Colleague: 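Here it is: the structure, laid out below.
Worth saying up front: this structure is predicted, and the values here are computed from it rather than measured. In what follows, every chain begins at residue 1, and chains take the letters A, B, ... in the order their sequences are listed.
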There are 2 protein chains.
Amino acid sequence: MGSNAETRRSGCPISCSLDLLGDKWSLLIVRDMVMLRKHYFKEFLASAEGIATNILTDRLNRLEGGGIISKQPDPENRRQIVYTLTEKGVALIPVLVELMSWGKIYAGTTSVDRDKARRMQQDRRYKQRVIRELTEGCTSTPGRS
Amino acid sequence: MGSNAETRRSGCPISCSLDLLGDKWSLLIVRDMVMLRKHYFKEFLASAEGIATNILTDRLNRLEGGGIISKQPDPENRRQIVYTLTEKGVALIPVLVELMSWGKIYAGTTSVDRDKARRMQQDRRYKQRVIRELTEGCTSTPGRS
DNA sequence: TCCCACCGCTTGCTTTTTGCAAGTGATGGA
DNA sequence: TCCATCACTTGCAAAAAGCAAGCGGTGGGA
C-alpha cells in the first residue's frame with residue numbers, strides 16, 4: 001500500500017488539490033488535528049469513522065510527503081510520534097470550514113441547527129472569525145490531549 | 001459499479017460531505033460545471049484529467065442521487081442529456097474556490113501567479129466577489145457550449 | 001426509407017485500493 | 001523480567017478504478 005509518486009492529472013489547482021486530498025480519509029485526519037486537536041496515531045484511530053491502521057499509516061505518510069503534516073518523536077514519551085500541521089496544512093482550514101458549512105446545511109441528518117448553519121453560511125464575518133480562531137489554535141503550541 | 005446506498009460513516013458534517021464528494025472525480029465534475037460551464041457527458045469526458053466513461057456515468061448518477069446535479073433531456077437535441085447544478089450543487093462553489101485558492105499556492109507546479117494567489121487568499125473581498133460572480137453565473141440559464 | 005455518425009452508457013477484464021484481522025518489533029514502566 | 005502499549009506490517013478478500021470495446025437509441029442526409 002505504497003504512498004508513491006503522486007502523479008498530477010493536470011495543472012488545474014483544484015485537480016492538484018484533489019490529487020493530494022481527494023479521498024475519504026485525508027481531510028478527516030486534518031479535521032481531527034484542526035477541530036479536535038488530535039496529534040497521535042491512536043487518537044486518529046479512535047475517531048468515529050473508524051479508519052483502519054494500514055490506511056491511517058498510508059494517509060499519514062502521504063500527508064507528510066505532501067508537506068501537509070510533519071511527524072516528530074514525542075519529546076515527553078519516546079514511544080509515540082507527534083503529528084502536527086505545517087503551514088501548508090493550516091492553510092487548509094478554510095476548505096474544512098466550507099466543507100463543514102456545506103455539510104451542515106446539505107448533507108446532514110440532524111436538521112437541528114440547519115438554519116443556524118445557513119445563517120452562518122451567509123454571515124461571512126462569523127465564518128472568518130471561526131477560521132481565524134481555528135488557525136490561531138493550530139499555529140500555537142499544542143496542548144496535550 | 002453501482003451508485004448504491006450511501007452509508008454515512010458518522011454525523012460529522014465534514015465526514016458527511018466527504019461521503020458524497022470524497023474522491024478524485026466528483027468535485028472535478030462540479031468544477032467543470034461551475035468554472036467551465038460544461039453541461040454534457042462528452043464535455044466532461046474531454047476534460048484534461050481524462051475520466052473513463054464508466055466512472056463518469058457512476059459519478060453523474062451519484063451526484064444526481066445526492067441531489068447535487070440534475071439531468072434532463074436536452075430540449076434542443078433529444079440525443080443528448082443536459083446536466084445542471086441544483087441549489088445544493090451551487091452551494092459547493094465556496095468549497096471549490098477554497099480548494100482552488102489553496103491549490104494555487106500550495107499544490108501548484110506553476111509558481112507564476114502564486115503570489116497573486118496568496119494575495120487573493122488574504123483578500124476576502126476579492127474571494128467573495130469571485131464566489132458571487134460564479135454563483136450568479138450558475139443560477140442563471142446556461143449558455144450553449 | 002436506409003444508412004451512418006454520434007449520443008450516453010454498458011460490459012468484460014485487469015490492476016489498484018480498501019477493509020479487516022492478526023501479528024510485529026521497539027519502548028518504557030512495574 | 002514481564003507486560004502493556006506504541007506505531008506500523010502483513011495476508012487476504014472485497015470493492016473500486018482504469019482501460020478498451022461494444023451497444024441501443026436518435027437524428028440527419030441521401
Colleague: For A/L56 and C/dC20, what is the distance between atoms CG and C1' respectively, to the nearest whole Å?
Modeller: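 Nearest whole value for this atom pair: 15 Å.
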Colleague: So, OP1 or OP2 of D/dA16: does either fall under 4.0 Å of a side-chain N or O from B/W25?
Modeller: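 Answer is no, no contact under 4.0 Å.
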Colleague: Nearest whole angstrom, please: distance from the P of C/dT17 to the CG of A/D23.
Modeller: 12 Å
Colleague: Whole Å only: how far is the CG atom of B/N54 from the C1' atom of C/dT11?
Modeller: 9 Å
Colleague: May I have the distance from B/L28 (atom CG) to D/dA17 (atom P), rounded to whole angstrom?
Modeller: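 Spelled out: CG on B/L28 to P on D/dA17 is 13 Å.
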Colleague: Would you call B/D23 and B/R59 a salt bridge, taking side-chain N to carboxylate O under 4.0 Å as the test?
Modeller: yes
Colleague: Any donor and acceptor pair, going by atom type alone, linking the side chain of B/S10 with main-chain N or O of B/C12 inside 3.5 Å?
Modeller: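 Yes; judged by distance alone, with no hydrogens or angles, the pair exists.
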Colleague: Does the side chain of A/R78 get closer than 4.0 angstrom to OP1 or OP2 of C/dA26 through an N or O atom?
Modeller: no
Colleague: Taking the six-membered ring of B/W25, is the NZ or CZ of A/R9 close enough (under 6.0 Å from the centre) and on axis enough (within 45°)?
Modeller: yes
Colleague: Can you check the A/E76 CD to C/dG29 C1' distance for me, whole Å?
Modeller: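 Going from A/E76 (CD) to C/dG29 (C1'), I get 16 Å.
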Colleague: Is any side-chain heavy atom of B/T86 closer than 4.5 Å to one of B/I69?
Modeller: no
Colleague: Could you tell me the separation between the CD1 atom of B/I29 and the P atom of C/dG8, rounded to a whole number of Å?
Modeller: 13 Å
Colleague: Mind checking whether B/E98 and A/V97 have side chains closer than 4.5 Å, heavy atoms only?
Modeller: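 No; the side chains remain at least 4.5 Å from each other.
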Colleague: List every contact pair, protein side and nucleotides 3-8 of chain D side both N or O, where the distance is under 3.5 Å.
Modeller:
from: D/dC6; atom 1: OP1; to: A/K42; atom 2: NZ; distance (Å): 2.8
from: D/dA7; atom 1: OP1; to: A/F41; atom 2: N; distance (Å): 3.2
from: D/dA7; atom 1: OP2; to: A/K42; atom 2: N; distance (Å): 3.2
from: D/dC8; atom 1: OP1; to: A/K71; atom 2: NZ; distance (Å): 3.0
from: D/dC8; atom 1: OP2; to: A/Y83; atom 2: OH; distance (Å): 2.4

Colleague: Give the rounded distance in Å between these two atoms: CG of B/D58 and P of D/dC19.
Modeller: 16 Å
Colleague: In whole angstrom, give the distance that lies between atom CD1 of A/I55 and atom P of D/dA16.
Modeller: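 Roughly 13 Å, once rounded to whole Å.
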Colleague: Can you tell if the side chain of A/L21 reaches within under 4.5 Å of the side chain of A/L92, non-hydrogen atoms only?
Modeller: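 Yes; the side chains approach each other to less than 4.5 Å.
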